[in-house]
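A short worksheet on the structure shown next.
Note that the structure is predicted; figures quoted are calculated from it, not measured.
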Amino acid sequence: MIHTSRRKFLKGSLYGAASLAVPMSTWARPIGANDDIRIGFIGIGKDAKGRGSNHLSEFPRLKGCRAVAVCDADNAVLDIVKSKRQGEKTEYYQDFRKLLENKDVDAVVIATPNHTHTMIAIAAMQAGKHVYVEKPVSHNMWEGRMLAKHAAKHPELIVQHGMQRRSDEGWLEIKDFVKGGAIGKPMVSRGFCYKLRDNIGKIGSAVPAPASVDYNLWCGPREMEPVHRKSFHYDWHWQWPYGNGDIGNQGPHQTDVARWLIDDPATMPASVISVGGRFGYDDDATTANTQIAFYDFKPVPVIFEVRGLPDADMNFKGRHPKYRNVVEVGNCLECEGGYVTDGKAWDNNGKSIQSFKKNDGAGHQQTFLDSIRSGKQAPTHTAETGHLSAAIAHMANHSYRLGKEMSSGEVKEKLQGNKMFAETYDRMLEHLTKNKIDVASTKVTLGPMLTIDPATEKYIGEFAAEANKLNMESYRKEFSLPEA
């Protein structure tokens with residue numbers, strides 16, 4: 001074992017009880033070889049500096065692509081974008097549904113908060129738009145499956161997820177290398193998110209949303225509860241109604257690769273168990289900042305780790321010196337005779353034996369445009385693959401949220417039957433100790449082992465009722481999802 005710190009039209013109700021009444025003129029036009037693909041960007045981000053802002057900057061640099069519309073629920077964000085795009089012919093919207101009525105929009109790029117990804121993507125398909133939806137493509141497994149079903153009903157439309165490593169030829173080389181048997185049979189596929197996440201602060205009582213935000217649109221399917229976080233934007237990632245923690249934020253990039261490296265399973269794993277907690281500070285976040293998950297894929301399991309704390313001493317100003325072969329945010333495929341990580345293959349003695357041209361998918365946006373022009377979806381970039389890779393993050397969170405607090409020793413005892421996961425847990429405790437957290441007196445949340453029926457994507461057995469309730473969530477009538 002290596003030291004892994006190196007580690008349908010459809011009857012829906014998006015406008016209330018009525019279906020999404022989109023004029024036929026808005027449906028996707030045939031795009032010729034010399035036609036520009038006209039894109040609408042939905043969700044720009046805090047201070048117009050989020051992932052959506054990156055897309056708005058990067059897509060128009062690609063040949064034959066134009067930004068023709070921008071949408072954000074926050075008018076303050078729109079004002080910033082307008083000031084930066086003076087002289088550009090661009091339409092601006094606060095309501096994504098109005099943008100979808102624009103016949104001059106061929107495709108949309110969605111980078112809103114997680115809880116509205118699927119809702120907007122399905123509405124865009126109903127409007128005949130091609131869809132690029134950021135990760136995670138869903139906020140829960142049920143709506144992820146709805147996304148995949150709607151995409152299957154619209155084969156004329158390209159629906160691509162934002163997990164760009166699928167466009168990295170280096171990972172294809174790695175898959176071929178491993179299949180060739182150079183380092184033996186795969187034993188475990190690991191993903192890592194060692195990424196600093198300081199506390200988000202704590203407020204005494206809830207506050208209203210910023211006046212510039214249409215809070216009804218921002219909340220979408222969720223109830224319009226008062227805001228309980230200091231920073232309205234971004235920190236929603238760490239609150240369950242809107243975000244999925246880092247295992248569902250950064251994590252899907254790496255869970256996707258972890259699945260891909262074990263031949264891209266077409267179903268969920270048989271079971272999942274997750275353990276972790278929010279350690280080192282007390283704030284208004286509800287997700288874990290330290291979390292590990294074991295996915296019982298056959299024959300090769302997947303283990304994922306989230307560490308939001310620094311390497312040591314609760315020092316959020318920077319990382320400490322790194323060990324050799326460190327993987328902080330990435331993947332490692334351990335095999336009998338070695339392992340592959342960070343674009344290199346190593347033998348079991350830590351000697352590098354081969355390198356691969358890895359670029360983290362710099363051509364992913366171009367892949368989307370090329371797919372629209374050709375009318376052919378890359379099989380690795382579909383709503384289905386996006387759903388499956390997001391879903392396992394949701395599975396881990398369901399286990400964690402149904403867990404019980406217990407001593408670290410009790411957790412260790414219960415994990416004894418799973419050597420790989422127990423070793424990962426030991427390293428988690430070591431990491432906490434380095435951050436001056438007394439693991440002997442600190443409670444850890446151990447989730448139950450959840451079992452799933454891969455055919456129905458519903459939990460079965462003990463805890464099934466509670467887990468399926470978490471997975472389904474609730475949807476306000478105005479923003480409920482249409483069945484496919």
Side-chain angles (χ1 to χ4, degrees), residues 43 45-47 49-52 73-74 111-117 134-140 191-207 209-210 213 215 218-255 274-293 304-310 314 316 328-329 390 392-403 405 428 431-432 435 437 442-445 447 470 473:
K46 180 182 179 180
D47 299 328
K49 295 180 180 179
R51 183 59 179 149
D74 189 345
T112 57
N114 298 1
H115 67 292
T116 57
H117 282 181
E134 266 299 346
K135 55 75 199 165
V137 300
S138 62
H139 192 251
N140 59 60
F192 308 90
C193 176
Y194 294 178
K195 196 168 188 176
L196 292 178
R197 299 293 187 187
D198 208 342
N199 78 83
I200 67 169
K202 197 172 183 67
I203 59 177
S205 58
V207 298
V213 175
Y215 196 45
W218 191 94
C219 289
R222 301 289 94 88
E223 295 297 330
M224 294 175 63
E225 301 288 353
V227 179
H228 214 109
R229 57 186 181 277
K230 284 185 175 181
S231 177
F232 179 81
H233 293 294
Y234 199 81
D235 285 348
W236 52 263
H237 275 294
W238 324 125
Q239 297 181 326
W240 292 123
Y242 323 109
N244 304 95
D246 241 347
I247 200 167
N249 175 42
Q250 176 65 46
H253 287 300
Q254 283 69 52
T255 54
S274 185
V275 60
R278 194 160 189 88
F279 304 109
Y281 44 72
D282 180 25
D283 62 4
D284 284 321
T286 52
T287 65
N289 67 4
T290 301
Q291 184 178 7
I292 57 177
F304 197 84
E305 302 179 45
V306 172
R307 295 185 186 179
L309 298 179
M314 292 296 288
F316 284 91
E328 292 203 353
V329 177
I392 65 171
H394 305 326
M395 290 179 69
N397 281 333
H398 297 155
S399 173
Y400 173 77
R401 293 177 70 181
L402 294 175
E405 286 190 338
M428 185 191 97
H431 172 242
L432 294 178
N435 278 285
I437 295 169
T442 299
K443 296 294 185 181
V444 178
T445 298
L470 280 177
E473 298 187 272

Sequence neighbours excluded, which residues qualify as salt bridge (charged side-chain N to carboxylate O under 4.0 Å, His left out) partners of [X]?
X: E473; value: R222
X: D235; value: none
X: R278; value: D283

Report yes if the side chains of [X] and [Y] come closer than 4.5 Å at any heavy-atom pair, otherwise no.
X: S138; Y: H394; value: yes
X: H117; Y: V137; value: no
X: Y400; Y: T287; value: no
X: I203; Y: R229; value: no
X: I200; Y: Y234; value: no
X: F192; Y: Q254; value: no

Exercise. So T442 and L432, side-chain contact (heavy atoms from CB on, under 4.5 Å) or not? Walk me through it.
Worked result: CA-CA 10 Å; T442 299; L432 294 178; 6.0 Å; no
For [X], what residues pass the side chain to side chain donor-acceptor pair (under 3.5 Å) criterion, not counting sequence neighbours?
X: D246; answer: R197, N249
X: N397; answer: Q291
X: T116; answer: T112
X: D74; answer: S212, H233

Exercise. With sequence neighbours excluded, what pairs up with Y242 under the ring pair (Phe, Tyr, Trp, His ring centres under 6.0 Å) test?
Worked result: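 With neighbours one apart ignored, the set is H115, W218.
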For this session: Tell me, please, which residues at least two apart from H253 pass ring pair (Phe, Tyr, Trp, His ring centres under 6.0 Å).
Result: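 In terms of ring pair (Phe, Tyr, Trp, His ring centres under 6.0 Å), with neighbours along the sequence ignored, H253 is linked to no residue.
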Problem set entry | Expected output: side-chain H139 to main-chain G243 donor-acceptor under 3.5 Å |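 The answer is yes, because a donor-acceptor pair under 3.5 Å joins these two groups.
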What pairs with [X] under side chain to side chain contact (heavy atoms under 4.5 Å, CB included), at least two apart in sequence or on another chain?
X: R401; value: W240, L470
X: A293; value: I247, S274, Y295, A396
X: K202; value: D282, D284

Non-hydrogen atoms of [X] and [Y] that approach each other most closely:
X: G251; Y: F304; result: CA-CZ, 3.6 Å
X: P252; Y: K135; result: CB-CB, 4.2 Å
X: P226; Y: Y215; result: C-OH, 4.4 Å

Gap separating the [atom1] atom of [X] from the [atom2] atom of [Y], nearest 0.5 angstrom:
X: Q250; Y: K195; atom1: CD; atom2: NZ; answer: 4.0 Å
X: T290; Y: N435; atom1: OG1; atom2: CG; answer: 8.0 Å
X: W238; Y: N244; atom1: CH2; atom2: CG; answer: 10.0 Å

For this session: Applying side-chain hydrogen bond (donor to acceptor under 3.5 Å, both in side chains) between Y281 and each of N199, N289, D198, report the one that passes.
Result: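 With Y281 as partner, N199, N289, D198 yield a single side-chain hydrogen bond (donor to acceptor under 3.5 Å, both in side chains), made by N289.
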For this session: Show the numbers, then the answer: is there a side-chain contact (heavy atoms from CB on, under 4.5 Å) between I292 and E305?
Result: CA-CA 4 Å; I292 57 177; E305 302 179 45; 3.8 Å; yes
